[in-house]
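Take a look at the structure below.
As a basis for the values below, the full set of heavy atoms in this structure was taken, side chains included, without hydrogen atoms, waters or symmetry mates.
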There are 2 protein chains.
Amino acid sequence: MDALTRYLEQQLQLPQEEAHALLRHWQKPKTLKRGGFLTRQGQVENHLYYIQEGTMGIFYDIEENEQVVGFGYADTLICSFPSFIRNYPSDYYIQALSTTELIGIARSDFYRLLGEYSRIEHLWLQMLEEALLGRIEREIDLLTVSPRERIQRLLNRSPHIFQLIPNKYIASYLRMTPETLSRNMK
Amino acid sequence: MDALTRYLEQQLQLPQEEAHALLRHWQKPKTLKRGGFLTRQGQVENHLYYIQEGTMGIFYDIEENEQVVGFGYADTLICSFPSFIRNYPSDYYIQALSTTELIGIARSDFYRLLGEYSRIEHLWLQMLEEALLGRIEREIDLLTVSPRERIQRLLNRSPHIFQLIPNKYIASYLRMTPETLSRNMK
DNA sequence: GTGAAACCTTGATCTCAATCAAGGATTACA
DNA sequence: TGTAATCCTTGATTGAGATCAAGGTTTCAC
C-alpha cells in the first residue's frame with residue numbers, strides 16, 4: 001500500500017470505493033529539484049498535488065519582496081488554492097526547497113468526483129473547514145506584535161517545521177528578518 | 001419577502017425548497033445595543049447569525065490587548081466560526097458596534113439540514129471556499145509592511161467599511177494605531 | 001571527500017510606527 | 001437640544017525591529 005492510499009484511507013478515513021476512484025485519476029509522479037517551480041506566478045493552477053517526499057515553499061511578492069506564506073512537506077496536499085478553486089492565474093508561486101516528489105490530480109477530474117461521490121464531497125467540505133480554521137489561527141499569529149511570541153506560537157503548533165525548513169524561510173513566514181529570528185531563538 | 005429570504009434565494013441562489021427548509025429553523029430576531037455581546041470568550045457558539053441591521057466587531061485578546069479581527073454588517077453571516085464548527089469554547093468575542101438586529105440558526109439544525117439537502121451542503125461548501133479565499137487575501141494584507149499600503153488595500157477591497165465602522169476599530173483590524181491610520185489617510 | 005554556495009550569527013546603526021499627551025470635533029441619547 | 005462621552009487629529013518622544021556589514025558554519029552537489 002503506497003503513501004497516498006494510506007493517506008486517503010487512514011488519515012482521511014475515506015472508504016475504499018471512493019479512495020480507489022480518486023487514486024485512478026492521480027497522475028504519474030513529478031520530481032522537482034531544489035529551486036524548481038511547481039507553479040509560477042500568472043499560471044493557472046490546474047492540479048491539486050500530494051507531496052510524497054521533500055519540502056516546498058509557497059511565495060507571494062509583496063512590495064517587491066518575496067514573502068513566504070506557507071510550506072508543504074511529505075503527506076500534505078499543496079497547490080495555489082485561490083487559482084485552483086477560482087480557475088484564475090495564480091498570484092502565488094510554489095517552489096521546491098529540496099528535491100521533492102509529487103503526484104497531482106486535475107481540477108476537472110477532482111470536481112467531477114466531488115459531484116459523483118457525496119462522501120468525497122463531504123470530505124472536501126471537512127478539509128475546507130479545517131483549512132479555514134487553520135487560516136484563522138494563522139491570522140492570530142500574524143497579528144501578534146512580539147516577534148518572540150510569534151516564534152513561540154509556531155514552535156508550539158508546528159515544531160517539525162523547524163526541523164524541515166531553513167530558518168530564513170521561517171523568518172519570512174513569521175513576518176520578520178532572519179536576524180530577528182536568530183536573535184529571538186535563544 | 002424579507003431580507004433573509006432575498007439573501008438566500010437571490011444572493012446565494014438557493015432554490016425555494018431549500019430556502020424554505022432553512023427559513024423554518026431560523027429563530028426569532030435578537031436585538032443588541034451598542035456594546036452588547038453576541039458571543040463571549042469561553043462560550044460555545046451554538047448559532048450561526050444573519051445580520052438584519054447594524055454593525056458588529058469580532059475581537060480577540062492578543063498579549064492583553066483587544067484586537068479586532070473582523071466586522072459584520074447588514075446582509076452578512078456572523079459567528080465565531082472556530083467555535084461553531086468545532087463545538088469548542090470561543091476564543092473570540094463578538095460585540096455590537098451599534099444597535100444591531102440578528103436572527104440565528106442552531107448548529108444542530110444547520111448541520112442536519114446539510115445532511116438532508118445536498119444543495120444546502122453544496123452551497124455551504126462554496127461559502128467555505130469563498131471564506132477560505134477571503135482569509136488568504138487577508139493574510140497578504142496583514143503581511144504588507146507599509147501601513148499606508150495596508151490601508152489602501154482595504155480601501156480597494158471594502159471601501160464601505162470606512163463608511164460603517166469607526167476608524168479606531170479599522171486601525172486595530174489593520175494592525176496599526178488610530179494615530180497611524182489618521183496620519184496615513186490623507 | 002572537497003569546493004562552492006547557502007545559511008546562520010553577531011554587532012552597529014537607522015528608521016518608522018508606537019506611545020504619550022492634549023485640544024478639537026462628532027456623536028449619542030436623555 | 002444640550003451635554004457628556006466617544007472619537008479624531010496633531011505634535012514630540014521613544015524604542016524595537018530593519019538594515020547594513022562581515023565572519024563563521026553548515027549543506028549540497030559533483
Give a yes-or-no answer on whether the side chains of B/Glu149 and B/Thr144 include a donor-acceptor pair shorter than 3.5 Å.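 Absent: no donor and acceptor within the cut-off.
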More than 12 heavy atoms of other residues, nucleotides or ligands under 6.0 Å from CD of A/Gln126: yes or no?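 Yes, because the 6.0 Å sphere around CD of A/Gln126 holds more than 12 heavy atoms from other groups.
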Drop me the distance from B/Asn46's CG to B/Ile105's CD1, to the nearest 0.5 angstrom. 13.0 Å
Working to the nearest 0.5 Å, report the span between CD of B/Glu130 and CG of B/Leu128. 10.5 Å
Flag the pair B/Phe71 / B/Tyr173 as yes when their ring centroid distance falls below 6.0 Å, and as no otherwise.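 Ring centres of B/Tyr173 and B/Phe71 closer than 6.0 Å.
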Tell me whether the OP1 or OP2 atom of D/dA5 has a side-chain N or O from B/Arg34 closer than 4.0 Å. no
Spacing of A/Glu63 atom CD relative to D/dT19 atom P, expressed in whole Å: 11 Å
Check the distance between D/dG17's P and A/Leu174's CG and give it to me in whole angstrom. 13 Å
Rounded distance in Å between the P positions of D/dA29 and C/dC8: 16 Å
Parallel, tilted or perpendicular: ring planes of B/Phe59 versus B/Tyr93, cut at 30 and 60 degrees: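 Parallel, since the angle between the ring planes stays under 30°.
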Does B/Glu63 reach the main-chain N or O of A/Val145 with its side chain, forming a donor-acceptor pair under 3.5 Å? yes
Side chain of A/Thr100, backbone of A/Ser98: donor and acceptor closer than 3.5 Å?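 Answer holds: yes.
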Per-nucleotide protein contact string for nucleotides 8-25 of chain C, where B marks a base within reach and S marks sugar-phosphate only (heavy atoms under 4.0 Å, - for neither): SSBBB----SSBBB----
Dot-bracket for DNA chain C, 5' to 3', with Watson-Crick and G-U pairs under 3.5 Å, [ ] for crossing pairs and | for other-strand pairs: what is it? |||||||.||||||||||||||.|||||||
